[in-house]
Each structure stands twice: as structure tokens, then as C-alpha cells.
Protein chains: 2
Amino acid sequence: MAQTKNFRFEELLDKHHLKKTGARLRVLSMMYSKNTATSQPDLESVMNDIDRVTLYRILNVFEEKGIIHKVFDLNGTANYAVCHADCGENHHHDEHLHFNCTNCKNVYCLDDLHMPRLNLPDGFKAESFTLYASGLCPKCSKKSQVIAN
Amino acid sequence: MAQTKNFRFEELLDKHHLKKTGARLRVLSMMYSKNTATSQPDLESVMNDIDRVTLYRILNVFEEKGIIHKVFDLNGTANYAVCHADCGENHHHDEHLHFNCTNCKNVYCLDDLHMPRLNLPDGFKAESFTLYASGLCPKCSKKSQVIAN
DNA sequence: ATCTAAATGTAATGATGTTGCATTTATGTT
DNA sequence: AACATAAATGCAACATCATTACATTTAGAT
Ligand SMILES: [Mn+2]
Ligand SMILES: [Mn+2]
Ligand SMILES: [Zn+2]
Ligand SMILES: [Zn+2]
């Protein structure tokens, strides 16, 4: 099973003409295993044996290739999430809602919630929209219910 | 006129039980004079005679009091804009669209464009929404038209 | 005028992100 | 299997943004 998954990531790297290195495979494996975005600080502490600079370079190249996208959370911290849309080299289409839980700080990509088109004031030419929400995620809202009882 | 305006800012500080200091009045004067948000780097370079730490403290207290709100732009840089909604101590209501021009980098608060209410997946309890758009602002879209001709 | 909490200044430190350059490694070719 | 080389990594230094602790000054009240 683990092999199958790893093979999938190796294919992904191949597709983008990126060398299959341990660091890259580990980053992919971590990000694909979660249903939330991963913050840069988290990545850095988990992958503490990989050089900081290397990590930044991996994140940057993955973003350029359309493998992941960057989201800033409520505190301005960079978070990274895998792209499920048909993103590619310099062409991102991740215009879904990003939900930032105020309790656990996790950022969720709610891919099904797209932006409603809006008519902007005269002169503004929008190229992309992003939608943010903050509040309690399912886990944390359930937890706070329990505490309230 | 300048006196009238300054008096207005002094009243504002009074209302929030903040001492009327030169630094605070200058920050208010700068932010109220523009129709776009002001980035932290800009503030720092313009107010280069005020200590960096003081500037951060001014921004933080203004945000706490509901006088200004913080917006991160596309690069994760902190920008500050005056609150036009009825924001107060620990109660912000700035759920309008923030437009980030990719050319001039300015952030515009489009107060009239509020969030459409969305139904989130089960369990998510949203407390606040924010809407971002990026593209060309009126000035820059006009400029690019001229160049194209 | 005096007093004091609030505001500012200063120095040190932390967190995040980038750049330049030396070294190593993945991978295609022989 | 050995080689060649571009790509990837590691390391050191630096840049920027932000916070903390503590000393000093000042606005505003008495
Ligand atoms: Mn996303
Ligand atoms: Mn705003
Ligand atoms: Zn949560
Ligand atoms: Zn512009």
C-alpha cells in the first residue's frame, strides 16, 4: 500500500519533470495524507532534518507547477494545500472557499464552494477571486458542544 | 481645514480613551487621507522618525479599538485600512471585498460588496467571511488600455 | 506644579523568507 | 557499469517583519 502511494507521487514528480528525491516525496506524502492545509511552520518542524531553504524551494516549485497552492491564514501564516482543480504551470484555478478554524487553526479547502460572480465598481478588472471564512470546524464545533453540556 | 481634520482625529482618540500623541495623529491622518489601505512597509518608511516598535503598537491598539482593520495582500504583507463599518473594541464587521491590484499593489476596501451568505458543509460554523479579488484597479486598467493603443 | 498611568524609545531576540555559492545526487547517455 | 551534467541540496549570510523586556518620557488628571 505504502509502495502504491509512493509510486503515485513518483509519477506526479515525473509528470512535472522534477527529480524524485526523498525530501519531495515526503512533502507530497504529508500534504496528501491530510484533508487540511499544512502550515510552513508545521512543515518545517516535522521535516526538521531537511534544510529550511530546501523546503522553501520544494514548496515554491510545487506551487509553480500547480501541484499545491498557498493560502495565508488569519495570522498571515503561509499554508499549503494540494490542488484538486486542474492547475498547471503558472495556471492556478483554486477559487474555492478557505475555512480557517479559530480554535484548531486548521485551514480547510472547501472545493465545492466556489465564488459567486460579482459586479465590481467601474474600472476594476478582476482576474481572480478568493473566499475566506473563519469560525469553528466540524471537530471543534462538536467539541465545544460537549463542553457546553 | 487642517485644524478641523486634526480636531476630528483628536476626538476619535478621545472616544477610545487613547492619549493624543503626535505619532497617533500622524498615522490617522495618513490612513484617512487615502482611499486605499496602507502597507506596514509604507507606513514604516513614511514615518521613519517614529520608532518601529511604537508604530506596531499604534497599529495594534487601533485595530483592537476597531479604528482600523488589517488585511493581508497577495504577498502576505500586512495592510491597514480605516474601518467604515460600526467596528468597536474587539468587534470588527469589515466583511467587504478587498481588491488587490496586481500592478500597483494597492488594496481597496470595496465596502459596498458584502459577502453572499453560503451554506457550508455539515459541522462548519462560520463566524466571519472575507472576500478577496485581484486584478487591475481603475487607474491601472486605464493605463494598460493606453499602452495597448 | 505635581503625580502617575500610558506611551515611547532602545536593545535584544525570534520568526519567516531569500540569495550566493559549494557540494552532492538523480538520471540520461555511453 | 561508468560517466557526464543539470538539477537538487546544504550551508552561511543576509533581509524583513514582528515581539518582548525594560528604561525613559510625556499626556492628562488632580
Ligand atoms: Mn485551497
Ligand atoms: Mn477593508
Ligand atoms: Zn478546528
Ligand atoms: Zn492598480
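So that the names make sense, note that chain A is the first sequence line, chain B the second, and so on, each numbered from 1.
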What integer distance in Å separates B:Leu43:CG from D:dC17:C1'? 13 Å
For B:Lys20, enumerate each residue passing the side chain to side chain contact (heavy atoms under 4.5 Å, CB included) test, keeping only those at least two apart in sequence or located in another chain. B:Glu10, B:Leu13, B:Asp14
Contact check, residues 14-23 of chain A vs DNA chain D, heavy-atom distance under 4.0 Å, returns A:Leu18, A:Lys19, A:Thr21, A:Ala23
Using the test salt bridge (charged side-chain N to carboxylate O under 4.0 Å, His left out), find all partners of B:Glu89 that sit at least two apart in sequence or belong to another chain. B:Lys65
Can you give each donor-acceptor pair under 3.5 Å made by side-chain atoms of residues 47-60 of chain B, sequence neighbours left out, with the distance rounded to 0.1 Å?
| unit_1 | atom_1 | unit_2 | atom_2 | d |
| --- | --- | --- | --- | --- |
| B:Asp49 | OD1 | B:Arg26 | NH2 | 3.1 |
| B:Asp49 | OD2 | B:Arg26 | NH1 | 3.0 |
| B:Asp51 | OD2 | B:Val53 | N | 2.9 |
| B:Arg52 | NH1 | B:Glu44 | OE1 | 2.6 |
| B:Arg52 | NH1 | B:Glu44 | OE2 | 2.6 |
| B:Tyr56 | OH | B:Gln40 | NE2 | 3.2 |
| B:Asn60 | ND2 | B:Tyr56 | O | 3.2 |

B:Leu25 CG to D:dA27 C1', in whole Å, measures 12 Å
Among A:His93, A:His98, A:His91, find the one that has a ring pair (Phe, Tyr, Trp, His ring centres under 6.0 Å) with A:His69. A:His98
Please output the side-chain donor-acceptor pairs of residues 76-87 of chain B that fall under 3.5 Å, not counting sequence neighbours, one pair per line with the distance.
none

Rounded to whole Å, the CZ-P distance (B:Arg24 to D:dT26) equals 15 Å
Sequence neighbours excluded - side chain to side chain donor-acceptor pair (under 3.5 Å) pairs with any residue from residues 123-133 of chain A: A:Ser128-B:Ser134
Take nucleotides 18-23 of chain D nucleotide by nucleotide from the 5' end and write B, S or -, depending on whether a protein heavy atom sits under 4.0 Å from the base, only from the sugar-phosphate, or from neither. BBBB--
Those residues that, when tested against B:Lys105, pass side chain to side chain contact (heavy atoms under 4.5 Å, CB included) (two or more places apart): none
Residues at least two apart in sequence or cross-chain that pass side chain to side chain donor-acceptor pair (under 3.5 Å) with B:Lys34, listed by chain then number, are B:Thr38
Using atom CG of B:Asn75 as one end and atom C1' of D:dT16 as the other, report the distance to the nearest whole Å. 13 Å
Restricting to pairs with a member in residues 92-102 of chain A, which pass salt bridge (charged side-chain N to carboxylate O under 4.0 Å, His left out), not counting sequence neighbours? A:Glu95-A:Arg117
Please go through B:Leu136's hydrophobic cluster and name the other residues, only I, L, V, M, F, W, Y counting, with side-chain heavy atoms under 4.5 Å joining them. none
Terminal contacting nucleotides, 5' and 3', DNA chain C versus chain B (heavy atom, 4.0 Å): C:dA5 to C:dA11
Rounding to an integer number of Å, can you tell me how far A:Asp49 CG sits from D:dT9 C1'? 13 Å
Check the angle between the aromatic planes of B:Phe9 and B:Tyr32 and answer parallel, tilted or perpendicular using the 30° and 60° thresholds. tilted
